[in-house]
Amino acid sequence: MQQTLTSSLTSAWIDAWNDGDVAALETIVTDDYARVSRSHGNTESLAQIQDEITAVRSAFPDLSTRIDSVVEGEGQAVIFWTSVGTHTEPFLGVPATGRRVETRGCNHLRLVDGLIQREEVTWDSSELLHALGVRHLSDAAPHAGDVVVDDLSGEPDPESMKTFNRQFVTGVTVVTTRDGDAPKGLAVNAYSSISLEPPLVMVCVQKTSSTYPALFAGTHLGINILGTEQRETVATFASKAADKFADLNWHAGPNGSPLIDGSPACIEAEIRERFQAKTHTVFICRVRHAEVTEASPIVYKAGRFFDSDDLKQL
């Protein structure tokens, strides 16, 4: 029985995961088949699994999956497997990175008449993002069992949130990277220092930005704090201009990130973590190079810019 089960499982998995013939899975499952994720508790049908395999193979066309072993017991079995593939197309909102990844998992099967009725898995598609160096913000900290969270019912409307955000005073930064030999960048005010030892900073970038794919694929980025003499530069990077560096003087940091001449301060940082936050990605970076000048930084609040030299202490 084990040899028959192992052979049928191996054949169907190879056909589905390696060749894209997802219909092959229909030969090894019952009509009421369901797959349950042990990490998230989500339950999926066969049709959803087939769609997932198609999406994974679209993003990793050279995907190769092997079954390492099948251990069978009375009415149950466990499959241990390994998959390897190259990320050449967008996947779950993440641009192609060109990275080759390897991921492993094990599936616990409940069997009825030699067919899989229920499957509990230790793996889902988010594991591929983990292998690419991308995690969801919910993974940033463990869930403590004794934490009590108030039920804050209702959500503010978008206009209320805009009004709230406009009341926050920030500086203006331009985050830069390279797309091959071409410099790329966008204006960002969602910047923050995390710590001085080690020197960590974060920036939050919207996925729809034209700079986002190059930024995500990069290993380093530049963060330029703009000054009062750079109003035209602010306008350029807040626009949709095709070449924002056409009339701009800049120089490359030690790892190639564009640093804008005349800025009050510039840093080049190594990208260490990428957290998915719905429409945005949070980049956690370790500073590797810094430059500071005597120029005055520009201040932004409620759609207007202010000269930082005129600020009065309260």
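The basis for the numbers below is simple: all heavy atoms, side chains too, and nothing from hydrogens, waters or symmetry mates.
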Smallest separation among heavy atoms of [X] and [Y], with atom names:
| X | Y | answer |
| --- | --- | --- |
| Ala55 | Phe91 | O-CD1, 4.1 Å |
| Ile225 | Pro264 | O-CD, 2.8 Å |
| Pro95 | Pro213 | CG-CA, 3.7 Å |
| Thr86 | Pro61 | O-CD, 3.9 Å |
| Ala217 | Arg99 | O-NH2, 4.4 Å |
| Val205 | Leu215 | CG2-CD2, 3.7 Å |

Please examine the side chains of [Y] and [X], heavy atoms only from C-beta on, and report whether any two atoms are closer than 4.5 Å.
| X | Y | result |
| --- | --- | --- |
| Ile223 | Val201 | yes |
| Glu291 | Ile267 | no |
| Val121 | Arg35 | yes |
| Val299 | Val169 | yes |
| Ile260 | Leu248 | yes |
| Arg231 | Ile298 | yes |

> Do Phe237 and Phe245 pass the ring-ring contact (aromatic ring centres under 6.0 Å, His included) test, and can you show the C-alpha distance, the side-chain angles, and the key distance before you say yes or no?
Replying inline: CA-CA 9 Å; Phe237 280 94; Phe245 288 82; 5.3 Å; yes
>> Between Gln50 and Glu26, does the side-chain contact (heavy atoms from CB on, under 4.5 Å) criterion hold? Intermediate values first, please.
In response: CA-CA 10 Å; Gln50 291 171 321; Glu26 298 170 8; 3.3 Å; yes
> So which pairs with a foot in residues 56-70 pass salt bridge (Lys or Arg N to Asp or Glu O under 4.0 Å), sequence neighbours left out?
Replying inline: Asp62-Arg100, Arg66-Asp68
What is the distance from atom [atom1] of [X] to atom [atom2] of [Y], rounded to the nearest 0.5 Å?
| X | Y | atom1 | atom2 | result |
| --- | --- | --- | --- | --- |
| Asp15 | Trp13 | CG | CH2 | 13.0 Å |
| Ser58 | Leu63 | OG | CG | 11.5 Å |
| His220 | Arg178 | NE2 | CZ | 13.0 Å |
| Ile49 | Thr54 | CD1 | OG1 | 11.0 Å |
| Trp250 | Cys266 | CH2 | SG | 12.5 Å |
| Met202 | Phe283 | CE | CZ | 11.0 Å |

Report yes or no: does [X] contribute a side-chain atom to a donor-acceptor pair with the main-chain N or O of [Y] at less than 3.5 Å?
| X | Y | value |
| --- | --- | --- |
| Asn224 | Val174 | yes |
| Ser11 | Ser8 | no |
| Thr211 | Gly185 | yes |
| Arg274 | Phe216 | yes |
| Asn18 | Thr65 | yes |
| Lys244 | Ser239 | yes |

hydrophobic_cluster_shared for [Y] and [X], side chain cutoff 4.5 Å:
| X | Y | result |
| --- | --- | --- |
| Ile14 | Trp17 | no |
| Val188 | Leu259 | no |
| Val22 | Leu46 | yes |
| Ile67 | Val84 | no |
| Phe275 | Ile194 | yes |

> Centre of Tyr33's six-membered ring, under 6.0 Å away, within 45 degrees of the axis: is that where NZ or CZ of Arg118 sits?
Replying inline: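 Output no; distance or angle outside limits.
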Check this for me: [X], atom [atom1], are more than 12 non-hydrogen atoms of other residues, nucleotides or ligands nearer than 6.0 Å?
| X | atom1 | result |
| --- | --- | --- |
| Asp247 | CG | no |
| Glu229 | CD | no |
| Glu232 | CD | no |

Say whether [X] and [Y], considering side chains only, have a donor N or O and an acceptor N or O under 3.5 Å apart.
| X | Y | value |
| --- | --- | --- |
| Gln276 | Thr281 | yes |
| Glu119 | His108 | no |
| Trp81 | Asn107 | yes |

>> Apply side chain to side chain donor-acceptor pair (under 3.5 Å) to residues Glu268 and Ser257 and explain how you reach the verdict.
In response: CA-CA 7 Å; Glu268 184 176 45; Ser257 302; 2.8 Å; yes
>> Under the rule for side chain to side chain donor-acceptor pair (under 3.5 Å), what residues qualify as partners of His87, not counting sequence neighbours?
In response: Thr97
> For Ile271 and Leu221, what are the C-alpha separation, side-chain angles and deciding distance, and is it a side-chain contact (heavy atoms from CB on, under 4.5 Å)?
Replying inline: CA-CA 7 Å; Ile271 300 172; Leu221 55 77; 3.9 Å; yes
>> Is there a side chain to side chain donor-acceptor pair (under 3.5 Å) between Gln230 and Ser263? Walk through the geometry before answering.
In response: CA-CA 8 Å; Gln230 295 175 300; Ser263 299; 3.2 Å; yes
>> I'd like to know whether Glu270 forms a salt bridge (charged side-chain N to carboxylate O under 4.0 Å, His left out) with Arg288, so could you lay out the CA-CA distance, the side-chain angles of the two residues, the decisive distance to 0.1 Å, and finally the verdict.
In response: CA-CA 7 Å; Glu270 178 186 1; Arg288 296 299 185 182; 2.8 Å; yes
> Should Phe80 and Val71 be marked as a side-chain contact (heavy atoms from CB on, under 4.5 Å) after you check the CA-CA gap, both sets of side-chain angles, and the distance that decides it?
Replying inline: CA-CA 8 Å; Phe80 297 89; Val71 179; 4.2 Å; yes
> Step by step, would you call Ile284 with Val282 a side-chain contact (heavy atoms from CB on, under 4.5 Å)?
Replying inline: CA-CA 6 Å; Ile284 308 296; Val282 181; 3.9 Å; yes
